[in-house]
Amino acid sequence: MIPNLAYVLALVASAIWFAMAFRYFAYQQETAAKVLIPPSARSSPLFLTTAASIRFLGGMNGAFAVLSLALLALAVSGSALFAAPAERAVLLFVLGLAHFSQFIYNVPILRNGGRQGEAYWPVRTGPMLTIFVVDAVETLVNAGAGLLQFV
């Protein structure tokens, strides 16, 4: 019972977070670019290039949101597909890794103090802090739910 509940809750949390990231990065790419690019550099053509490239991050998050929703639909429908605990654990570990990949690369930036003049972005405030914290929590939720599949 607890492993099944953990699986469903982890999928719901992942689906919501990945969908939010999809919306932000795919449809608000210039807003997201403003977080990364300091005001003094926003008149550069590289600002628009960065904004356009951020949409790729939206696409990846969108795919993970759809995967999470599909797995959730299978789980609540009672489907035998991905019903084995080991299969569910692998899926949760992969989703956890997706969250981890969006968390871990902010650690060196945070450790070095965030934005430094024209370089990097602020990890201790604003949207990047939220992304940093939630992806860390999502990593733990998915890893924990994955481990619970073996109980």
Quick one: does [X]'s side chain have a donor or acceptor within less than 3.5 Å of a partner on [Y]'s backbone?
{"X": "R115", "Y": "P122", "value": "no"}
{"X": "Q149", "Y": "G146", "value": "no"}
{"X": "S79", "Y": "L74", "value": "no"}
{"X": "R42", "Y": "I37", "value": "yes"}
{"X": "R23", "Y": "G58", "value": "no"}

Legend entry - Derivation and outcome, side chain to side chain contact (heavy atoms under 4.5 Å, CB included), residues K34 and F47: CA-CA 8 Å; K34 287 179 181 177; F47 174 77; 3.8 Å; yes
Honestly curious: do [X] and [Y] fall in one hydrophobic cluster under the side-chain, below-4.5 Å linking rule?
{"X": "L9", "Y": "L140", "answer": "no"}
{"X": "I104", "Y": "W121", "answer": "yes"}
{"X": "F18", "Y": "F22", "answer": "no"}
{"X": "M60", "Y": "V66", "answer": "no"}
{"X": "L92", "Y": "V151", "answer": "no"}

Legend entry - Pair N61-W17, side-chain donor/acceptor within less than 3.5 Å: no
Inset, instruction - Evaluate whether atom OH of Y120 has more than 12 neighbouring non-hydrogen atoms of other residues, nucleotides or ligands under 6.0 angstrom away. - result: no
Legend entry - Heavy-atom neighbours of F150 CZ exceed 12 at 6.0 Å: yes
Legend entry - Step-by-step side chain to side chain contact (heavy atoms under 4.5 Å, CB included) determination, F100 to D135: CA-CA 6 Å; F100 182 75; D135 275 316; over 6 Å; no
Legend entry - Residues in side chain to side chain donor-acceptor pair (under 3.5 Å) contact with N4, at least two apart in sequence or another chain: R88
Give, for atom [atom1] of [X] and atom [atom2] of [Y], the distance between the pair rounded to the nearest 0.5 Å.
{"X": "L95", "Y": "L67", "atom1": "CG", "atom2": "CG", "result": "5.5 Å"}
{"X": "N106", "Y": "I131", "atom1": "CG", "atom2": "CD1", "result": "8.0 Å"}
{"X": "E30", "Y": "I54", "atom1": "CD", "atom2": "CD1", "result": "9.5 Å"}
{"X": "N142", "Y": "Y7", "atom1": "CG", "atom2": "OH", "result": "10.0 Å"}
{"X": "S14", "Y": "L72", "atom1": "OG", "atom2": "CG", "result": "10.5 Å"}

Inset, instruction - Would you please indicate if the ring centroids of F25 and F56 are separated by under 6.0 Å? - result: no
Inset, instruction - Compute the centroid of each ring, for F64 and then for H99, and state whether the two points are separated by less than 6.0 Å. - result: no
Legend entry - Distance-minimising heavy-atom pair for A75 and V8: CB-CG2, 4.3 Å
Inset, instruction - Heavy atoms only: give me the nearest A65-A19 pair and the separation to one decimal. - result: CB-N, 3.6 Å
Inset, instruction - Start with the C-alpha distance between T31 and V35, add both sets of side-chain angles, then the distance that settles side chain to side chain contact (heavy atoms under 4.5 Å, CB included), and finish with yes or no. - result: CA-CA 7 Å; T31 302; V35 173; 5.6 Å; no
Legend entry - All side chain to side chain contact (heavy atoms under 4.5 Å, CB included) counterparts of L110, not counting sequence neighbours: V123, R124, F132
